[in-house]
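Below, chains carry the letters A, B, ... as their sequence lines are ordered, and counting in each starts from 1. Computed from a predicted model, the values in this text were never measured in an experiment.
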Amino acid sequence: MKIYNTFTKTKEEFVPIEPGKVKIYVCGPTVYSFIHIGNARPIVVFDVLHRYLEYKGYEVTYATNFTDVDDKIIKRANEEGVEASVISERYIGEYLKDVEGLKTAKADCRPKVTEEIGGIIEMIKTLIEKGYAYEKNGSVYFSTTDFKPYGLLSGKKLKELEAGARVEIDEEKRNPSDFVLWKPAKPGEPKWASPWSEGRPGWHIECSVMSKKYLGDTIDIHAGGDDLIFPHHENEIAQSEAANGKKFVNYWMHNAMLTISGKKMGKSEGNFLILRDIIKDFSYDVIRFLILTVHYRSPMNFSRDLMEAAETSLTRIRTAYSNLKFRRDNAKTEELKEEEQNSLNELQKYITMFEESLDDDLNTANAVTAVFELVKFSNVSVLENSSKAQAQAFIDVFDKLADVLGIKLEETVEIGSEKIEALIAERQLARKNKDFAAADRIRNELSDMGITLNDTPEGVKWTYKEKK
RNA sequence: GGCGCCAUGGCCAAGUGGUAAGGCAAAGGUCUGCAAAACCUUCACUCCCGAGUCCGAAUCUCGGUGGCGCCUCCA
């Protein structure tokens with residue numbers, strides 16, 4: 001499998017540190033509100049990476065954190081007049097609901113910063129001892145000029161950074177590009193005791209500490225949004241490599257931003273759409289599917305029109321799948337017929353196409369295309385007179401590929417199927433008596449419930465789609 | 001100001017040297033009581049513009065134009 005490594009700016013053959021095992025760290029959310037749909041992109045993309053590596057037989061350890069102490073959380077807590085932990089716990093809960101909905105709940109661990117303070121203090125101590133960090137008035141800063149490789153990931157040069165007008169001037173820092181590892185608490189802010197002051201950690205140090213604790217000094221893949229390349233990931237490298245004296249990450253993966261009307265969607269930009277709001281009109285599956293139709297390193301412009309198109313596309317896949325199940329359950333022949341053997345041999349072609357796509361830097365867009373090609377092939381191959389064995393073979397391939405992409409092939413029916421069957425039987429009777437007005441009335445009634453009927457020579461087939 | 005990325009049909013989107021995947025939308029047809037689904041057919045002599053390299057370029061080089069991102073919290 002080839003992976004584009006942001007550090008080397010090339011696609012590289014993926015070779016894990018330990019054969020058969022992969023350690024992945026993905027930067028998680030700061031929990032001060034609901035996530036927006038842009039946040040869903042890395043969650044979905046790197047979940048597919050996780051699933052695909054497992055599909056290929058790797059044993060994956062996947063860690064993603066919660067930043068549960070931060071200025072924004074404190075601000076929100078002050079606005080509501082509650083403890084910071086009330087805010088963070090609330091949005092961790094909401095985040096997990098979204099993660100569940102997106103079918104991305106496979107992470108092995110989700111550490112929280114507030115539960116890792118001890119480890120953070122230890123790493124800061126080490127950095128001071130090794131001469132990479134210094135204390136000033138209760139704050140501790142990382143000295144960027146003392147870490148020679150600083151800037152290699154982002155391609156920034158310290159000189160340029162200093163020349164930039166946007167670097168905050170801070171009298172305590174030796175260099176404008178130095179960043180905070182520990183800062184003293186202001187009155188009323190959450191705080192922990194440390195050798196330097198009662199305070200809390202800076203943002204960047206947490207990921208270095210948690211990655212080390214849960215995955216080790218050197219990990220295979222570290223991933224996140226491309227807006228984290230600088231300064232967050234650059235700083236993580238500096239901290240981890242300075243403290244551990246070892247290479248931090250072998251492959252850096254970054255997803256491009258989700259845009260809206262061509263502009264980056266961001267909480268600071270104020271042009272974001274909350275995932276929960278989108279889910280009122282579309283299912284989680286649709287946003288997940290839409291995200292997969294674009295390569296993860298290309299910017300993706302979000303719109304409702306795209307969601308609608310994605311929903312229709314997804315329905316095409318689901319319809320093909322449900323047709324297969326219908327054919328299987330109504331098949332007149334059990335055993336595979338001789339003439340069907342060719343189609344089964346050809347199935348492998350689609351699996352290969354699917355795998356080659358994902359092997360090429362996780363090209364989910366082409367993997368989805370492979371699924372569409374499979375849909376087409378299935379529609380022309382598995383017919384009324386097909387055997388149960390043939391239909392099942394196709395179903396197995398659908399299941400296999402959909403599982404990697406995390407696409408749900410069937411919607412859960414929320415209505416009692418006895419009721420549906422009764423109405424269908426009633427309509428069939430009406431049709432038999434040529435009372436088409438009554439038949440159509442029942443069909444409309446079912447349609448209002450989200451049931452679409454399909455009259456076939458083998459009987460009536462129905463599919464369910466949740467009404468929004 | 002510095003660094004980097006992108007520009008493919010009505011919409012979305014793969015493709016990074018060998019002659020334009022796929023999805024949505026649209027048009028016609030088959031099937032059907034009508035539908036739905038499915039199938040068949042049609043839908044970019046062309047990939048922002050100009051020049052160059054090459055037997056050959058959407059793909060490489062140079063120059064434009066337009067758009068975006070990072071340099072500050074951000075997925």
Enquirer: If I take atom CD in residue Q428(A) and atom P in nucleotide U32(B), what distance separates them, rounded to the nearest angstrom?
Expert: 16 Å

Enquirer: Have a look at D440(A) and say if it touches a base, only the backbone sugar-phosphate, or nothing, with a 4.0 Å heavy-atom cut-off.
Expert: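 Contact class for D440(A): base.
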
Enquirer: Where each residue is assigned the nucleotide of RNA chain B containing its nearest heavy atom, which of R427(A) and K9(A) is assigned the position nearer the 5′ end?
Expert: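 Of the two residues, K9(A) wins.
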
Enquirer: Please report the distance separating the P of C49(B) from the corresponding atom of U65(B), rounded so that it comes out in whole Å.
Expert: 15 Å

Enquirer: Contact class for E308(A) (heavy atom, under 4.0 Å): base, sugar-phosphate, or nothing?
Expert: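 Since no nucleic acid heavy atom lies under 4.0 Å of E308(A), the category is nothing.
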
Enquirer: What interatomic distance, in whole Å, is found between P of G1(B) and the corresponding atom of A57(B)?
Expert: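 About 36 Å, rounded to a whole number of Å.
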
Enquirer: Any chance the side chains of S322(A) and T463(A) put a donor and an acceptor closer than 3.5 Å?
Expert: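 Their side chains do not contain a donor-acceptor pair, so the 3.5 Å distance test is not met.
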
Enquirer: I need the NZ-C1' distance between K434(A) and C34(B), as an integer number of Å.
Expert: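 After rounding, the reported distance stands at 12 Å.
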
Enquirer: Can you name the nearest heavy-atom pair linking L446(A) to I420(A), along with the distance?
Expert: CD2-CG2, 4.2 Å

Enquirer: Once rounded to the nearest 0.5 Å, what's the spacing between atom CZ of R110(A) and atom OH of Y214(A)?
Expert: 13.0 Å

Enquirer: To the nearest Å, give me how far apart NZ (K11(A)) and P (U16(B)) are.
Expert: 7 Å

Enquirer: Pairing of RNA chain B as dot-bracket, 5' to 3': ( ) intra-strand, [ ] crossing, | other strand, . unpaired, with Watson-Crick or G-U pairs under 3.5 Å?
Expert: ((((((((.[[[..)..(...]]].(((((.......))))).....[[[[[..)....]]]]])))))))....

Enquirer: With a non-hydrogen cut-off below 4.0 angstrom, is H295(A) in contact with a base, only sugar-phosphate, or nothing?
Expert: sugar-phosphate

Enquirer: May I ask you to verify if any side-chain N or O of N454(A) is less than 4.0 angstrom from the OP1 or OP2 atom of A36(B)?
Expert: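 No, N454(A) has no side-chain N/O under 4.0 Å of OP1/OP2 on A36(B).
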
Enquirer: Are more than 12 heavy atoms, taken from residues, nucleotides or ligands other than K419(A), located less than 6.0 Å from that residue's NZ atom?
Expert: no

Enquirer: Does the structure place the NZ or CZ of K267(A) under 6.0 Å from the centre of the six-membered ring of Y32(A), at an angle of no more than 45° from the ring's axis?
Expert: yes

Enquirer: Just to confirm, is there a sub-4.0 Å distance from OP1 or OP2 of C40(B) to any side-chain nitrogen or oxygen of K376(A)?
Expert: yes

Enquirer: Under a plain distance cut-off of 3.5 Å, with no hydrogens placed, do N65(A) and Y25(A) share a side-chain donor-acceptor pair?
Expert: yes

Enquirer: Starting at CG of N444(A) and ending at P of A35(B), how long is that distance when rounded to a whole Å?
Expert: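 N444(A) atom CG is separated from A35(B) atom P by 14 Å.
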
Enquirer: Would the base of C73(B) count as contacting K72(A) through its side chain, where contact means a donor and an acceptor less than 3.5 Å apart?
Expert: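 Yes, the side chain and the base share a sub-3.5 Å donor-acceptor pair.
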
Enquirer: Check every strand shown and say whether R304(A) touches a base, only sugar-phosphate, or nothing at a heavy-atom separation below 4.0 Å.
Expert: nothing

Enquirer: By the 4.0 Å heavy-atom rule, please label I229(A) as base, sugar-phosphate, or nothing.
Expert: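 No contact.
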
Enquirer: Using the C1' atom on both, measure A37(B) against A13(B) and round to a whole Å.
Expert: 26 Å

Enquirer: Rounded to whole Å, please give me the gap between CD1 in I291(A) and P in A13(B).
Expert: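 Atom-to-atom, I291(A) to A13(B), this comes out as 14 Å.
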
Enquirer: Which nucleotide in the list C68(B), G2(B), A14(B) gets nearest to the side chain of K263(A)?
Expert: C68(B)

Enquirer: Between the base of A36(B) and the side chain of R443(A), is there a donor-acceptor distance below 3.5 Å?
Expert: no

Enquirer: Identify which nucleotide among G69(B), G23(B), G15(B) has an atom closest to any side-chain atom of K264(A), counting heavy atoms from C-beta outward.
Expert: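 Nearest nucleotide to the side chain: G69(B).
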
Enquirer: Quick one: are the ring centres of Y141(A) and F179(A) less than 6.0 Å apart?
Expert: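 Y141(A) vs F179(A): aromatic centres not under 6.0 Å.
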
Enquirer: R327(A) has an atom CZ; how far is it from atom C1' of A38(B), in whole Å?
Expert: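 Between C1' of A38(B) and CZ of R327(A): 8 Å.
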
Enquirer: Looking only at atom P, what distance separates U46(B) and U61(B), rounded to whole Å?
Expert: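 That atom pair is separated by 24 Å.
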
Enquirer: Taking G52(B) as the reference, what is the distance to G28(B) when you measure between their C1' atoms (whole Å, please)?
Expert: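 Rounded to whole Å, the distance is 46 Å.
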
Enquirer: Give the nucleotide from the list G33(B), G2(B), A75(B) with an atom nearest to the side chain of D227(A).
Expert: A75(B)

Enquirer: Considering only atom C1', compute the distance from A58(B) to A44(B) and round it to an integer number of Å.
Expert: 11 Å

Enquirer: What does F436(A) touch in the nucleic acid at a heavy-atom separation under 4.0 angstrom: a base, only the sugar-phosphate, or nothing?
Expert: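 Base, at least one base heavy atom under 4.0 Å.
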
Enquirer: Out of A36(B), A21(B), A37(B), which has the shortest distance to the side chain of T452(A)?
Expert: A36(B)

Enquirer: Hey, is the side chain of R316(A) poking within less than 4.0 Å of OP1 or OP2 on G22(B), counting only N and O atoms?
Expert: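 Negative; the distance criterion is not met.
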
Enquirer: Counting only distance, no hydrogens or angles, is the base of C73(B) paired donor-acceptor with the side chain of K267(A) under 3.5 Å?
Expert: no

Enquirer: Would you mind reading off the distance between I260(A) atom CD1 and C68(B) atom P, rounded to a whole angstrom?
Expert: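 Going from I260(A) (CD1) to C68(B) (P), I get 15 Å.
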
Enquirer: Taking the six-membered ring for Trp, is the centroid-to-centroid distance between F142(A) and H204(A) below 6.0 Å?
Expert: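 No, too far apart.
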
Enquirer: What's the gap between A14(B) and A7(B) when it is taken at their P atoms, as a whole Å value?
Expert: 9 Å

Enquirer: Counting only side-chain nitrogens and oxygens, does S298(A) get under 4.0 Å of the OP1 or OP2 atom of A14(B)?
Expert: yes

Enquirer: Across the strands shown, which category fits L258(A) at heavy-atom distances under 4.0 angstrom: base, sugar-phosphate, nothing?
Expert: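 Base contact.
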
Enquirer: Would you mind classifying the nucleic acid contact of G266(A) as base, sugar-phosphate or nothing, using non-hydrogen atoms under 4.0 angstrom?
Expert: nothing

Enquirer: So does N301(A) get a side-chain nitrogen or oxygen closer than 4.0 Å to the phosphate oxygens (OP1/OP2) of G67(B)?
Expert: no

Enquirer: Please say which of F398(A), F377(A), F394(A), F372(A) ends up in a ring pair (Phe, Tyr, Trp, His ring centres under 6.0 Å) with Y350(A).
Expert: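 Option passing the ring pair (Phe, Tyr, Trp, His ring centres under 6.0 Å) with Y350(A): F377(A).
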
Enquirer: Taking atom C1' in both U19(B) and C54(B), what distance in whole Å separates the two?
Expert: 15 Å

Enquirer: Within the structure shown, what part of the strands sits under 4.0 Å from M300(A) by heavy-atom distance: base, sugar-phosphate, or nothing?
Expert: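 It contacts nothing in the nucleic acid.
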
Enquirer: CG of N366(A) versus C1' of A21(B): gap in Å, rounded?
Expert: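 Nearest whole value for this atom pair: 7 Å.
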
Enquirer: Under the 3.5 Å rule, do the base of C34(B) and the side chain of D455(A) count as making a donor-acceptor pair?
Expert: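 Indeed there is one.
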
Enquirer: Would you say a side-chain N or O of N379(A) is under 4.0 Å from OP1 or OP2 of C39(B)?
Expert: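 Yes, because at least one side-chain N or O of N379(A) sits under 4.0 Å from OP1 or OP2 of C39(B).
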
Enquirer: Salt bridge check: are R200(A) and D71(A) linked by an N-O gap of less than 4.0 Å?
Expert: yes

Enquirer: In plain terms, say whether K465(A) and E311(A) are close enough for a salt bridge, that is, a side-chain N and a carboxylate O under 4.0 Å apart.
Expert: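 Yes, this pair counts.
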
Enquirer: Closest approach to the side chain of L228(A), judged atom by atom: which nucleotide of A75(B), A13(B), C34(B) is it?
Expert: A75(B)

Enquirer: On RNA chain B, nearest-nucleotide positions of R41(A) versus D360(A): which is more 5'?
Expert: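 This one resolves to D360(A).
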
